[in-house]
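All remarks here apply to the structure that follows.
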Protein chains: 2
Amino acid sequence: MSTINDVSRLAGVSKATVSRVLSGSRGVKEASRAAVLQAVETLNYRPNVIAQSLLSQSTGCIGVICAQENINQTTGYLYALEKHLSQHQKHLLLRFASGKAEVMHALEELTCGLCDDVLIIGARFPLDIPYENVILVDCLEFDAANSIQFDHAFAAETACNYLIKQGRRQIALIAPETSCPVEQVLLGYKRALENNFLPFNRNLIFMDATSSSVALQVLLNNSTTVNFNALLVADEQEAQRVITQLQAFNKSVPGDIMVFSLAGTLHLPGIPTIPAIEYSMDAMAARIVSRLNEKTESVAGSSVLRGDLIIP
Amino acid sequence: MSTINDVSRLAGVSKATVSRVLSGSRGVKEASRAAVLQAVETLNYRPNVIAQSLLSQSTGCIGVICAQENINQTTGYLYALEKHLSQHQKHLLLRFASGKAEVMHALEELTCGLCDDVLIIGARFPLDIPYENVILVDCLEFDAANSIQFDHAFAAETACNYLIKQGRRQIALIAPETSCPVEQVLLGYKRALENNFLPFNRNLIFMDATSSSVALQVLLNNSTTVNFNALLVADEQEAQRVITQLQAFNKSVPGDIMVFSLAGTLHLPGIPTIPAIEYSMDAMAARIVSRLNEKTESVAGSSVLRGDLIIP
DNA sequence: CTGTTAGCGCGTTCAT
DNA sequence: ATGAACGCGCTAACAG
């Protein structure tokens with residue numbers, strides 16, 4: 001790769017002039033401007049962004065650490081994020097990490113000058129970040145200063161209200177800690193029940209189950225004593241899993257049991273659409289990018305994103 | 001962020017000594033080594049990788065341009081790739097691009113010193129790359145020097161052989177140019193037919209159809225004159241789409257028509273598994289990383305990856 | 001064993 | 001208008 005020295009030599013001017021032509025172009029004699037442009041063309045010169053970064057102390061790289069346990073998801077959110085970032089001349093440095101140790105390790109590697117800022121997405125474990133320029137997206141810390149949250153309480157409340165209006169008053173909830181922030185979900189769940197003057201039945205709630213399959217089985221086994229005609233699950237994958245299991249036990253969906261996904265739908269042909277809360281990945285990306293730009297002006301804070309109700 | 005100067009000042013040694021301690025640690029007096037380590041600790045100093053990159057002329061960043069038309073896929077391949085790359089101390093710089101212009105634009109932005117190498121994945125359009133350090137993965141150019149190809153001919157041949165052994169001798173093929181390399185697929189398709197002494201029926205082949213739905217409809221409308229009891233499609237998404245359409249026309253799957261996906265399965269609960277060719281993303285990632293390391297030793301070439309047959 | 005010097009490629013003074 | 005010089009943070013070569 002040719003450098004600015006090669007260009008200045010070929011054009012018969014100094015490095016400074018070359019630099020001037022390529023950046024501002026102001027106050028340069030037309031002759032030398034043309035010569036520089038010509039030399040740039042023949043040498044196919046492009047300024048080395050690393051050298052520029054060293055000087056400007058910013059690389060334009062945004063680290064994105066995906067901490068989702070549930071990796072088998074669509075690229076939807078990465079796509080939306082990348083589109084918004086590249087529109088703002090920023091690069092997306094991708095990293096997957098499961099568990100706190102891996103996240104912190106990735107963070108170490110990205111914050112040595114490589115990335116201007118780092119996003120941590122979907123961590124379902126506590127995380128105390130010692131760095132400034134880190135934004136937590138849909139992570140556990142609710143009150144962290146620099147975080148963008150999905151309003152899971154709102155989602156659960158909306159879900160319950162919808163189900164209740166559909167005549168489903170016995171709503172089971174299977175939401176393991178690893179897939180969603182349980183306190184938030186439970187908060188919304190209870191709020192909806194209260195507002196509809198319905199009793200809270202602890203036997204319908206499964207938050208600590210290691211496996212959602214086991215939780216559902218407990219429900220099915222006790223179905224003579226514990227009634228339920230709706231089921232709230234963390235995401236669409238969980239939904240499909242429980243639907244299969246329900247059908248194996250002769251429960252029709254949504255006839256007997258209405259299954260509701262608290263996060264997203266897959267929109268795949270062949271899969272029947274179920275009611276769900278869906279978060280706009282585009283809105284999320286927009287929020288993130290605006291936050292990144294805000295940071296330059298040293299404004300910060302926590303913001304909350306609410307999902308749309310999808311009705312099949 | 002503190003610099004090497006801060007450390008050297010605090011430790012009372014020169015920058016060079018600090019550098020020595022942090023890299024080689026060989027031939028440094030124990031006293032000053034301890035002083036440096038102490039200063040590093042208190043200042044929480046970490047070398048700036050950008051400055052190191054400027055000197056070493058390599059950033060450890062690998063650009064990955066995803067040119068898939070079909071974006072709604074799983075993160076599977078990105079996950080596998082990132083895991084392999086980070087294992088080799090390399091960073092994955094992600095970029096989505098549709099169409100040649102966008103790909104070339106992304107390439108321009110990444111090859112200005114930011115990325116040591118660039119991967120272009122899944123481009124279904126011609127692409128003449130003017131740069132050295134670019135590897136084409138599952139792209140159109142079959143004979144490009146630096147490419148890693150999926151053996152689509154082998155996939156189609158395997159698929160047909162399997163279907164024929166299952167008693168399906170009228171195999172329709174819907175493979176639009178945008179989703180797979182048509183020549184390759186057709187090659188394998190024809191080879192299998194020849195080896196099984198079956199006639200080639202042009203009316204079963206749809207390669208240029210703008211929409212696979214239209215193609216299938218042509219087949220269904222002509223079903224009195226053109227028989228088919230198996231259907232080869234590009235990927236699982238296509239498969240689910242055509243299955244829905246087939247069922248709407250009272251064709252049972254796989255009873256009347258066996259649908260075969262030429263690339264991948266989703267393995268989602270709720271979706272019945274169909275026969276398919278599945279490429280190991282882990283094997284692909286391993287191949288890519290080994291090619292990346294080979295390049296350092298200036299060895300190159302084209303290699304081909306074959307997929308596994310998945311039987312439901 | 002360690003400090004000094006030079007230079008990676010670039011932008012930005014400060015002179016001229 | 002433009003060239004020389006400096007510095008971004010770091011490592012490598014040389015000298016002591």
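We use all heavy atoms of the structure for the numbers below, so side chains are in, but hydrogens, waters and symmetry mates are not.
- The listed nucleotides are C:dT12, D:dG9, C:dG11; the one nearest the side chain of A:A16 is C:dT12.
- With rounding to whole Å, A:I4 atom CD1 is found 13 Å from C:dC8 atom P.
- Taking a cutoff of 4.0 Å between a charged side-chain nitrogen and a carboxylate oxygen, A:K100 and A:D128 qualify as a salt bridge.
- Among the nucleotides C:dG3, C:dG11, D:dA1, the one closest to the side chain of A:K15 is C:dG11.
- Atom C1' of nucleotide D:dC10 and atom CD1 of B:I50 are separated by 12 Å, given to the nearest angstrom.
- With C:dC10, D:dC10, C:dG9 as the candidates, the nucleotide lying closest to the side chain of B:L55 is D:dC10.
- Atom CD in B:Q57 sits roughly 9 Å away from atom P in C:dC10 (whole-Å rounding).
- Between B:S32 and C:dT2 there is a side-chain polar atom (N or O) within less than 4.0 angstrom of OP1 or OP2.
- For the pair B:L22 CG and D:dG9 P, the interatomic distance rounds to 16 Å; values are reported in whole Å.
- Here the C1' atom of nucleotide D:dC10 and the CG atom of B:D6 are 13 Å apart, to the nearest Å.
- Taking side-chain N and O atoms only, B:Q52 has no distance below 4.0 Å to OP1 or OP2 of C:dC8.
- Salt bridge A:R124/A:E177: absent, no basic N to carboxylate O contact under 4.0 Å.
- Salt-bridge formation is detected for the pair B:K83/A:E102: a Lys NZ or Arg NE/NH1/NH2 atom is positioned less than 4.0 Å from an Asp or Glu carboxylate oxygen.
- Backbone-only contact: A:T17 has heavy atoms under 4.0 Å from sugar-phosphate atoms and none from a base.
- B:N48 has its CG atom 6 Å from the P atom of D:dC10, to the nearest Å.
- Put simply, CZ on A:R20 is 9 Å from C1' on C:dT12, counting in whole angstrom units.
- Without hydrogens or angle criteria, B:S86 side chain to B:Q89 main chain gives no donor-acceptor distance under 3.5 Å.
- Among C:dT12, D:dA13, D:dC10, the nucleotide with an atom closest to any side-chain atom of B:T3 is D:dC10.
- Of the residues near DNA chain C, A:N5 and B:V28, the one whose nearest nucleotide (by heavy atom distance) lies more toward the 5' end is B:V28.
- Listed nucleotides: C:dG9, C:dG11, D:dG3. Nearest to the side chain of A:S14: D:dG3.
- Whole-Å rounding puts the B:M1 CE to D:dC10 P distance at 9 Å.
- Atom OG of B:S98 sits about 12.0 Å away from atom CD1 of B:I65, to the nearest 0.5 Å.
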